[in-house]
Amino acid sequence: MESEKNKPQWDSTLSFIMAMIGSAIGLGNIWRYPYVVYSNGGGAFLIPYLISILIIALPFLYLEYVIGFEFKTSVPNIYKKVKKPLEVVGWFICFVPFLILIYYVVIIGWDIIYLVLSITKGWGANTNTFFTTTLLHSTTSISGLSHIIWPVLGSLIIIWSIIWYISRQNLNNGIGRFSKILIPLLVGIMAVVVIYSITLPGANIGINALFKPKWDALFNLNIWLAAAGQIIFSLSLGWGVISTYSSYLPKNSNLIKNGGIVAISNCSFELLTAIGVFSILGFMSITEHVPINHVVTEGTGLIFVAFPMVFNKMGPYANIIGPLFFLCVFFAGITTTISLLEPISNAITQKFKIKRENVVTILCAIGFIVSTVFATGMGTYLVKIADSFLNNFGVLFGIVLEGLIFGWLYNNKKLLKIINKNGKIKLGNWWVYLIKYIIPILLIGILANGIYELILNNNWSTLIFQLIIGILLVIFPTIFTLLPKREEELEIE
Ligand code: PFF
């Protein structure tokens, strides 16, 4: 259904909620969350995590919802309407997810390769050597750039084609329809994987390790920062996705209820996955005869090294559970990637009045070309650098600006009224105080910590690469702000 003004609009609340959940549930839920919980106090982490949801994530989620809903336009336009020069902040917020998309697809590319390999356990006995050397020829040396990794390049072509195919269609036929298909499938398959995992011998060791509270951890500031960082990442806050998706909502939407459903679904899925992942790690701990803390690894190590090792030990069931697991990562990843493209494609469509399908085609072509850098021997190293920079800095910088701008330069009491308009549950005035004072202070703390970690943990070559991304993040938003807007109306979908 399109509105009279030819602006895109969700055909149902279900499409919106599924698209939102699709964005929230991503690689972060499957590999990031379990490790973050474990390395930050186990069960005790759940307390800062829960408090961060209530004090930072939910209020901020509602802020992003309401600004999209109220202004019903692209992110740069929203900021421009607050104060003209702020348009550049909106473009910055849209560029960060586009840059993230460029390497996020690479991890999904590795996943596709593993999806195929899992059918025959084609990774062999030494899964670590297979991943880093046999498959990816990983190197930190610049000469690695000339070494193309063909299977990765092939899977990048597949992924960019899927993103292009889904995103170029109009909102409901593309993002809406695919989210409604993929999210239930994802949850169903993940439930099968988790149920099987908790029946494995040793599962209880893993689950105990995950939830056993280490109470002293509560006195460690880093754990609070990790909890806030995790939930910001997990709920897709600060990257313009939520505001873009909510700008497509019809006038009578119940913001409080929809936001609550998305947050609860995401956090439940996160918990479900963590239970599955730790059950599998518990199984690995007893089959390998090593303590559980030696088998817990993060990120790519978890999915592409530890898990294949476990599937090697699992017997015939691995031939089903393995492919199902990699399929889950694939579905979770794809629904997130289409949300990463949406803020920038919507912003360009609206400012320059270019047809959505053409914008998406150009962005996917550029994205594909740039992402081939990651399909080289230096790929794994570059993914790591880009990830740490954009997550520690790019996202948090945008989120701090967003909090300050809507806390101080805009009438947030008016926003509160709009949030409360269509639902039975209402937010109180405390929301305004959280947005204005508490959240900016907390976020500036998290940002400062992120920058500190970035400088502390990196060498010069890494910092230079990150500086280049930083400069691009200034140049592109500035250019897009300065380019004149096209006035004539075009039928946009
Ligand atoms: N929420 C995604 C995940 O957990 O993997 C990551 C993400 C996607 C963050 C989209 C922000 C965003 F706008």
Side-chain angles (χ1 to χ4, degrees), residues 18-37 49 52-53 56-57 60-61 63-65 67-68 74-75 90 92-108 111 163 167 175 179 182-183 186-187 190 226-247 259 262-263 265-274 277 298-300 302-303 328-347 367 383 386-399 402:
M18 286 299 167
M20 285 295 311
I21 295 177
S23 173
I25 296 181
L27 299 176
N29 297 57
I30 302 181
W31 52 262
R32 199 170 187 268
Y33 181 75
Y35 178 80
V36 171
V37 176
Y49 179 69
S52 301
I53 293 180
I56 301 181
F60 211 86
L61 183 76
L63 174 66
E64 294 210 346
Y65 264 132
I67 57 178
S74 68
V75 176
F92 171 83
I93 289 176
C94 293
F95 265 98
V96 175
F98 183 58
L99 290 186
I100 289 184
L101 175 61
I102 289 172
Y103 76 81
Y104 204 93
V105 288
V106 181
I107 303 173
I108 309 173
D111 179 74
I163 300 174
S167 294
I175 301 178
S179 304
L182 293 179
I183 292 303
L186 166 65
V187 175
M190 190 48 112
Q230 170 61 24
I231 190 64
I232 288 171
F233 181 83
S234 180
L235 276 177
S236 306
L237 300 177
W239 299 7
V241 173
I242 294 174
S243 306
T244 306
Y245 277 6
S246 64
S247 73
V262 172
S265 311
N266 177 62
C267 297
S268 315
F269 186 88
E270 207 150 69
L271 215 59
L272 181 82
T273 319
V277 167
E298 182 184 12
T300 50
L302 183 67
I303 297 186
C328 279
V329 178
F330 176 66
F331 286 164
I334 282 294
T335 48
T336 300
T337 55
I338 53 180
S339 80
L340 291 169
L341 187 66
E342 192 57 21
I344 187 84
S345 55
N346 180 44
V383 163
D387 186 48
S388 102
F389 178 74
L390 288 164
N391 275 319
N392 278 318
F393 185 69
V395 177
L396 288 174
F397 194 61
I399 214 171
E402 191 171 348

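In what follows, every heavy atom counts, from backbone to side chain, and hydrogens, waters and symmetry copies are set aside. Ligands are counted one by one from 1 in listed order, and the atoms in each one are counted from 1 as well.
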> Short N/O distance, under 3.5 Å, between Leu27 and ligand 1?
Replying inline: yes
>> Run the side-chain hydrogen bond (donor to acceptor under 3.5 Å, both in side chains) test against Glu64 and tell me which residues pass, sequence neighbours left out.
In response: none
>> Within this structure, what is the CD1-CD distance for the pair Ile93 and Glu402, rounded to the nearest 0.5 Å?
In response: 5.0 Å
>> Testing Ser179, Ser236, Ser167, Ser23 one by one against Ser339 for a side chain to side chain donor-acceptor pair (under 3.5 Å), which residue passes?
In response: Ser23
>> For ligand 1 and Asn29, I'd like to know whether there is a polar contact (N/O to N/O, distance under 3.5 Å).
In response: yes
> Tell me, which protein residue and heavy-atom name are nearest atom 3 (C) of ligand 1, and how many Å apart are they?
Replying inline: Ala24 O, 3.4 Å
> Could a heavy atom of Tyr104 be found less than 4.0 Å from some atom of ligand 1?
Replying inline: yes
> Side chain or backbone of Phe269 under 4.0 Å from ligand 1, or both, or neither, by non-hydrogen atoms?
Replying inline: neither
> For ligand 1, does Ile25 get within less than 4.0 Å through its side chain, its backbone, both, or neither, judged by non-hydrogen atoms?
Replying inline: neither
> Does any non-hydrogen side-chain atom of Ile183 lie less than 4.5 Å from one of Phe269?
Replying inline: no
> In ligand 1, which numbered atoms sit nearer than 4.0 Å to a non-hydrogen atom of Thr336?
Replying inline: 8 (C)
>> At less than 4.0 angstrom from any non-hydrogen atom of Ser23, what atoms of ligand 1 do you find?
In response: 1 (N), 2 (C), 8 (C), 10 (C)
>> If the contact criterion is a heavy-atom separation under 4.0 Å, does Pro97 count as touching ligand 1?
In response: no
> Got a sec, which residues hit side-chain hydrogen bond (donor to acceptor under 3.5 Å, both in side chains) with Thr335, two or more places apart in sequence or on another chain?
Replying inline: none
> So how far is it from Met20 CE to Ile25 CD1, rounded to the nearest 0.5 Å?
Replying inline: 11.0 Å
> What atoms of ligand 1 come within less than 4.0 Å of a heavy atom belonging to Gly28?
Replying inline: 3 (C), 4 (O), 5 (O)
> Which heavy atom of the protein is the closest neighbour of atom 12 (C) of ligand 1, given with residue, atom name and distance?
Replying inline: Trp239 CE3, 2.9 Å
> Could you give the distance from OG1 (Thr337) to CD1 (Ile102), rounded to the nearest 0.5 Å?
Replying inline: 12.5 Å
>> Ring centroids only, cut at 6.0 angstrom: are Tyr49 and Tyr33 within range, meaning strictly under it?
In response: yes
